[in-house]
Amino acid sequence: MAEAPLPRVYDAEIRAALDDLVRESLRTLLTVAVVLAWLWLTQVIITDRPYLIWAYVVLATLVVAGAISYRLCHQRLGLAVGVYLAGLTVAVTVIACALRGAAVSYLYLLIVLVAAVLADQRAMWSVTGVCIALAVTVGTRVHHMSVSDLFPMALCVLLAALTAWLGSRRLFTALSWALSMTEQARKSAQEARERRAEVRSMLKSLDEAYVRLERANEALIFAREAAEKAYRFKAEFVANVSHELRTPLNLIVGFSEMMATAPESYRGKRLPSEYRGDVMAIYHSARHLSDLIDDVLDLSQIEAGRLPITREPTELGGIVREAVDIIRGLAEAKGLRLELDLAPGLPTLRLDRTRIRQVLLNLLSNATRFTDHGWIRVRARIHGHEVRVTVEDSGRGIAPDKLAQAFEAFGQLDDDRTRQGSGLGLAVSRRFVELHGGRMWIESTLGQGTTVGFALPLDEAKAPAPLLRIREAPSRDGRPRVLVLHDDPQVLTLLRRYVESVSFVLADTAQHAAELLRETLPFAVILDSTWVERWQRIVAEVGVTEPLPTLTCPLPSLRQLALLLGAADYLVKPVRREALLQALARLPNPPRSVLIVDDDPSFARLMVRILKAHDPTINLLLASGGAEGLAIARSERPDLVLLDLLMPEVTGYDFLEEVRRDPALAGMGVIILSARSLEQEARPLAGELRLERPGGLTPTEALEAIRALLEVLTQPAAASRATVAAPAAGPSG
Ligand code: ADP
């Protein structure tokens, strides 16, 4: 049997399969050889040939070799084949000896062919060699034939061997190819199986990851909701607590201020100086506490994204100068040199004047507090696309390791707790600057001084274009800009609190409205009902040709609410001295006699002090309830009533109703002082709501507008939904 290089994996099984084939062939050939020998013997017997004995020998040889070979073929196939080939060779040699003639030697050909079938190549070539040698030996020695007579036979045997070798070689090459292909296919199948397993496990992992992701997502949503809720609670808590704290605190501030600064309101009796010092300390501490509450509230409002900034064209140099002037006295009292270095041509920026002044005052008061000698320098310069304002001092500086915490809330960097300061100033200031699209930084060297600076972008200050014909809907923060025309800037705070999807800008004069319109066309205009005529004039003056949607409606404002209730003004408690004095100044005539109607005697007393300090000659009357108030009003006919709204029995509303009804009370001015904010007012605003757009609305827009309006009407609670109170507009009555 020819041996071809077999793939190793298959070695054993292929060899076993081939051995089986050989075994089968061997059995057939054994039988055939014995049958042929027996037939020959029969023919020899029948024809009565002289070499009968040789025929027996041949048959016996083949039978014996066959039997041995048969026995061995299971355990030792190689030996079995060897025995059979040997037996065959002996039998053929016996025949060749017995029969004369060259043709007989061709029987060796048979052995070669059998060897080609049963043995490997080397064995086949050995058998071929042995057969030729035996044929030649028997031919020359036994039958005395010449070598040339035997040559064709030898050639035939060689050729047969060669042909068998070539045939089996091709066979084995093809077999080896087939096997290597099978092996490759098997490997590929194995790889595919492995890949499939990998893919399956990946799919499983993916499924698990997806499930985990979904769970994480759910947890995240839950956490976000919880965080939002907590945040809302926190903001509401802060607002409510601040409000509750502020009310009594305001009384403390008001009274201590009056006691320390306006002795005239105590019938000219001055406090002994020791008391005055203590009362002054109470006043300063209470102011400090009150500022602290404002800061906390501002911070929580900023964090909740609720603190609106009201931008208006502001000359930056102007507010820097203003702030420096406020702090100058303080600095000079400490012997500090205060230098102001403003670059010429500082622009007019659109800023929230109050907030930026607050930032400057913060920086300047810090510089004054933390500098014991030397100087404070305030600089403003234009750098590229921004204006930078810096407050530099020669004070004690901040240690490098503490510097990073300077902007953190409650980040007081020294352990000197006796110093005034909340640790909120820089945190709040930075938030204010950021609300303007700017940034803030701090640099300091311990023992040498500190520089705190902020930069505001110049883009806002660009010279206003004549009139942009392109509708520039989005504002800087990407929200559509809506122009609000109203006399009371407070309305903006309310609108911003309720509508977050647009950016509101307010114009409280026709000139300001025209300026804003020339600068950039808004997405829409909301005008108070009282502005309709003024708006038409503005449109004609500016020459607006765009189909600008306008929403005309009575907009809620405290002053309007006051008018609606039949009063001249409306102040939300706690009422600061300045606010009250400003409201008095807005009256057509300064009042000579004032009736205070309030069930809170402390608050009433504070009002008395403020009014007395303002005008010692003023005639003051007090009533602790609505009924008493009405009686005094009828008998004394005061010029002005300061009226609380929420009182037991006869309320402020009842009082106002009576004033409206009773001609005897006509002509009396009323200023409402109430803790009740505008949003808590359930009284409807008179007037119609009108939406107009030149060119009209598409059917979808009209339907959407109807839907939105109906939603408001069918959910009246939405109008009074709880919101975080603004600093001066908290609940509780
Ligand atoms: P505070 O109300 O306590 O001043 P700030 O937020 O304004 O709070 O300042 C935080 C801390 O930063 C201060 O307590 C102080 O330690 C430090 N700091 C701020 N400005 C200066 C400065 N100009 N010089 C030295 N330290 C300063």
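Here the structure is a predicted model, which means the values were calculated and not measured. Numbering of ligands and ligand atoms starts at 1, following listing order.
In T371, neither the side chain nor the backbone holds a heavy atom less than 4.0 Å from any atom of ligand 1. Contacts between K402 and ligand 1 below 4.0 angstrom, taking non-hydrogen atoms only, are absent altogether.
In terms of the side chain to side chain contact (heavy atoms under 4.5 Å, CB included) criterion, residue partners of T450 (sequence neighbours excluded) are, by chain and number, D393, I398, I442, S444, V452. Considering only residues two or more places apart in sequence or on other chains, R287 meets the salt bridge (Lys or Arg N to Asp or Glu O under 4.0 Å) condition with none of them.
Minimum interatomic distance between A507 and L483 (heavy atoms only, all atoms of both residues): CB-CD1, 4.2 Å.
Proximity of S674 to V572: side-chain heavy atoms (C-beta onward) are nowhere separated by under 4.5 Å.
Applying the 4.0 Å criterion to heavy atoms of I398 picks out, from ligand 1, the atoms 17 (C), 18 (N), 25 (C), 26 (N), 27 (C). Each of the following atoms of ligand 1 lies closer than 4.0 Å to a heavy atom of L426: 5 (P), 6 (O), 7 (O), 9 (O), 19 (C). Against a heavy-atom cut-off of under 4.0 Å, G425 is close to the following atoms of ligand 1: 5 (P), 6 (O), 7 (O), 8 (O).
At least one test fails for R396 against the ring of F370: distance under 6.0 Å to the centre or angle within 45° of the axis.
Residue N362 has no nitrogen or oxygen atom sitting less than 3.5 Å from a nitrogen or oxygen atom of ligand 1, judged on distance alone.
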